[in-house]
Number of protein chains: 2
Amino acid sequence: MQVRQRLENLSSELTATERKLCTALLLDYPYAGLDTIQDLAKKTGTSPPSISRFVTKLGFQGYQDFQRHLIDEIRQSNRSPLDLHVGDRPIQGDYLEDFVSRAVNLISASASAITSAQFERVCDLLGDEKRNVYLIGGRISDAIALYVSRHLRQVRSGVFHLPADPEIWPEYMLRMRSKDVLFMVDYRRYQRNLAELARRAKAQSGVQIVVLTDKWMSPAANHANEVFATPIESGTVWDSYSGAMVLMEAMLTRIAETNWDKTRKRIEAWDSLRFDHGARDDDQ
Amino acid sequence: MQVRQRLENLSSELTATERKLCTALLLDYPYAGLDTIQDLAKKTGTSPPSISRFVTKLGFQGYQDFQRHLIDEIRQSNRSPLDLHVGDRPIQGDYLEDFVSRAVNLISASASAITSAQFERVCDLLGDEKRNVYLIGGRISDAIALYVSRHLRQVRSGVFHLPADPEIWPEYMLRMRSKDVLFMVDYRRYQRNLAELARRAKAQSGVQIVVLTDKWMSPAANHANEVFATPIESGTVWDSYSGAMVLMEAMLTRIAETNWDKTRKRIEAWDSLRFDHGARDDDQ
DNA sequence: CTAGCTTTGATATTATTTTTTCATAGTCAA
DNA sequence: TTGACTATGAAAAAATAATATCAAAGCTAG
């Protein structure tokens with residue numbers, strides 16, 4: 001029987017340490033198991049005895065027997081490399097797997113809904129250091145705006161995440177110039193006040209507006225210069241933002257790569273300023 | 001350099017025994033080399049010392065070093081076709097499309113690194129209304145924690161997102177009970193203070209800890225009851241969290257579906273209470 | 001909170017694997 | 001044929017890896 005399958009079978013009766021091992025093995029399956037027992041122990045923060053007991057529990061004679069099995073598996077599956085990744089998950093109707101395949105569809109659809117010209121235009125806008133960037137999102141989608149602003153801040157200066165409280169918005173609006181960019185994320189259950197913010201910011205300062213929304217198009221999109229629309233229907237009770245997330249990652253990566261030298265220097269400078277008790281410098 | 005190639009290069013200056021070894025290695029390449037040195041000696045009718053000398057001649061530190069190389073080679077060659085995109089090769093062609101295929105790859109890998117039993121366990125933990133849930137993430141990854149907490153709050157009560165400032169953590173720690181759940185997101189460039197928080201929360205209240213991290217395993221994972229590990233290497237300048245994101249969406253959806261009636265009522269009640277002009281509810 | 005149970009890793013022990021040493025066998029030129 | 005050399009494997013030694021033991025820590029039910 002496949003090692004992987006044995007892990008599945010036993011996974012209900014594993015101890016904390018054993019689960020940790022299970023996680024590590026599956027994450028880099030099957031190669032993680034080819035390390036020596038000590039190295040694996042160190043990597044997983046467990047101990048050789050625990051590993052030894054674990055593989056015994058899985059039904060092997062000992063660690064070496066376990067490794068022999070893994071090697072055999074590799075040998076077998078060599079003919080169809082894809083097996084390793086997809087084929088041998090035994091459980092039918094596995095929730096996670098099913099969900100993932102839907103998400104993957106969404107993500108592909110998201111990407112193909114955006115032309116590369118538009119993609120480049122928005123990257124240029126947000127990457128342009130001469131423009132300040134203001135970001136905000138809706139109740140849930142603000143998490144995405146936050147993700148973008150945290151990253152963007154590593155690449156460039158002049159990035160401002162607007163707080164949730166509308167009372168404070170005017171303070172930011174007064175600083176917006178017509179070259180600046182207002183980046184809004186607004187998915188359905190649209191928030192009226194975001195559209196209002198867009199309208200007024202546009203009217204007052206002529207700021208450039210980029211909106212990330214779904215196909216029904218947030219009312220804020222009416223005032224936008226650029227609209228990224230991604231599908232969100234996952235066929236479940238919630239909408240899925242994974243398409244938006246990947247799109248944003250692609251955008252951020254593109255921006256960072258475009259001026260990588262500057263970004264690298266900026267990150268280094270930033271790191272040297274980080275307060276020490278909060279950060280580990282050894283990155284691995 | 002490939003072992004195979006080294007064999008080629010040296011083939012002119014090999015002794016009789018070495019040629020025998022060379023043949024055997026190539027005949028069942030690269031698996032023959034994964035045997036122990038004794039077994040290989042027996043199979044080839046040579047002796048361990050000869051093999052040891054041979055691999056040294058090939059330029060390795062010793063037999064184990066030689067094996068490590070072979071394993072790496074297998075690892076490389078066994079990558080799925082999609083993985084091949086990911087190498088260090090810069091993205092070419094349509095940027096977005098290529099990025100998406102990398103992300104999809106990461107996402108599938110993330111899912112297959114998690115057993116369905118573990119997935120269910122964590123869903124149960126976070127969905128259990130008898131437990132309070134505390135969430136926090138690192139500098140960047142907190143966006144994911146935020147996303148989870150916003151969603152979770154729609155499903156159930158007793159969800160608390162810890163603020164970034166460690167000064168305020170004790171206030172939350174004092175409220176943690178041993179049944180409660182502390183959910184942490186910590187990806188590389190781990191934050192020391194998160195591990196510290198985990199340690200102390202565990203020591204003080206025996207809270208259940210769930211950690212979402214990468215394969216290098218955040219130090220916080222040492223204190224965890226459950227660890228979700230997702231791959232993050234996208235082959236670009238940034239790590240990609242899309243695997244984590246999809247996993248979280250799957251989890252949230254699962255939780256919401258499990259008690260959908262309650263959730264629906266909760267959302268309705270919530271909506272009727274929202275301040276009408278769209279005020280966004282603050283998170284902390 | 002405590003008693004009794006399970007889990008865990010430090011240490012010691014044992015087993016295994018690899019390399020070194022060294023004597024012998026083989027090769028080839030004179 | 002001899003002597004100088006290389007190649008080879010048996011055996012010993014060293015290095016490395018895996019497991020057993022055991023005390024301590026953790027957990028759970030009462």
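First the proteins, then the strands, lettered A, B, ... as listed; each starts at 1.
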Report the C-alpha distance between A/I74 and A/L34 in whole Å, list the side-chain angles of each, state the deciding distance to 0.1 Å, and finish with yes or no for side chain to side chain contact (heavy atoms under 4.5 Å, CB included).
CA-CA 11 Å; A/I74 297 173; A/L34 296 183; 3.9 Å; yes

Can you tell whether the side chains of B/R199 and B/E196 come within less than 4.0 Å, N to carboxylate O?
yes

Can you list, in residue-number order, the parts of residues 13-22 of chain A that come under 4.0 Å of DNA chain D, counting heavy atoms only?
none

The criterion is salt bridge (charged side-chain N to carboxylate O under 4.0 Å, His left out); which residues satisfy it with A/R6, sequence neighbours excluded?
none

Atom-to-atom span, CG of B/N222 to P of C/dT8 - whole angstrom:
13 Å

Can you tell me which residue pairs pass the ring pair (Phe, Tyr, Trp, His ring centres under 6.0 Å) test with a partner in residues 35-61 of chain A, sequence neighbours excluded?
A/F60-A/F66, A/F60-A/H69

When you check every protein heavy atom under 4.0 Å of nucleotides 17-30 of chain D, what one-letter string (B, S, -) results, 5' to 3'?
BSBB----------

Looking at residues at least two apart in the chain, or sitting in another chain, which of them share a salt bridge (charged side-chain N to carboxylate O under 4.0 Å, His left out) with B/R266?
none

Has A/S47 got a side-chain N or O lying under 4.0 Å from the OP1 or OP2 atom of C/dT8?
no

The salt bridge (charged side-chain N to carboxylate O under 4.0 Å, His left out) partners of A/E13 (sequence neighbours excluded) come to none

Just how far, in rounded Å, is P of D/dG9 from CG of B/L40?
12 Å

Listed partners of A/T17 passing side chain to side chain donor-acceptor pair (under 3.5 Å), at least two apart
none

Going by the salt bridge (charged side-chain N to carboxylate O under 4.0 Å, His left out) test, which pairs reach into residues 19-29 of chain A, not counting sequence neighbours?
A/R19-B/E226, A/D28-B/R75

Find the bend of the helix from C/dC1-D/dG30 to C/dA30-D/dT1 as the angle between its two terminal axes (five pairs each), to the nearest 10°.
30°

Among all residues two or more places apart in sequence or in another chain, which pass the side chain to side chain donor-acceptor pair (under 3.5 Å) test with A/T236?
A/S234

For B/D214 and B/Y241, which I'm curious about, is there any donor-acceptor pair between the side chains at under 3.5 Å?
no

List in chain and number order the residues that pass salt bridge (charged side-chain N to carboxylate O under 4.0 Å, His left out) with A/D35, two or more places apart in sequence or in another chain; answer none if no residue qualifies.
A/K43

Within residues 118-132 of chain B, which residues have any heavy atom lying less than 4.0 Å from an atom of DNA chain D?
none

Plane angle bin for B/H151 and A/W238 - parallel if under 30°, tilted between 30 and 60°, otherwise perpendicular
perpendicular

Can you tell me how far C1' of C/dT19 sits from NZ of B/K57, to the nearest Å?
17 Å

Do other residues, nucleotides or ligands put more than 12 heavy atoms under 6.0 Å from the CD atom of B/Q61?
no

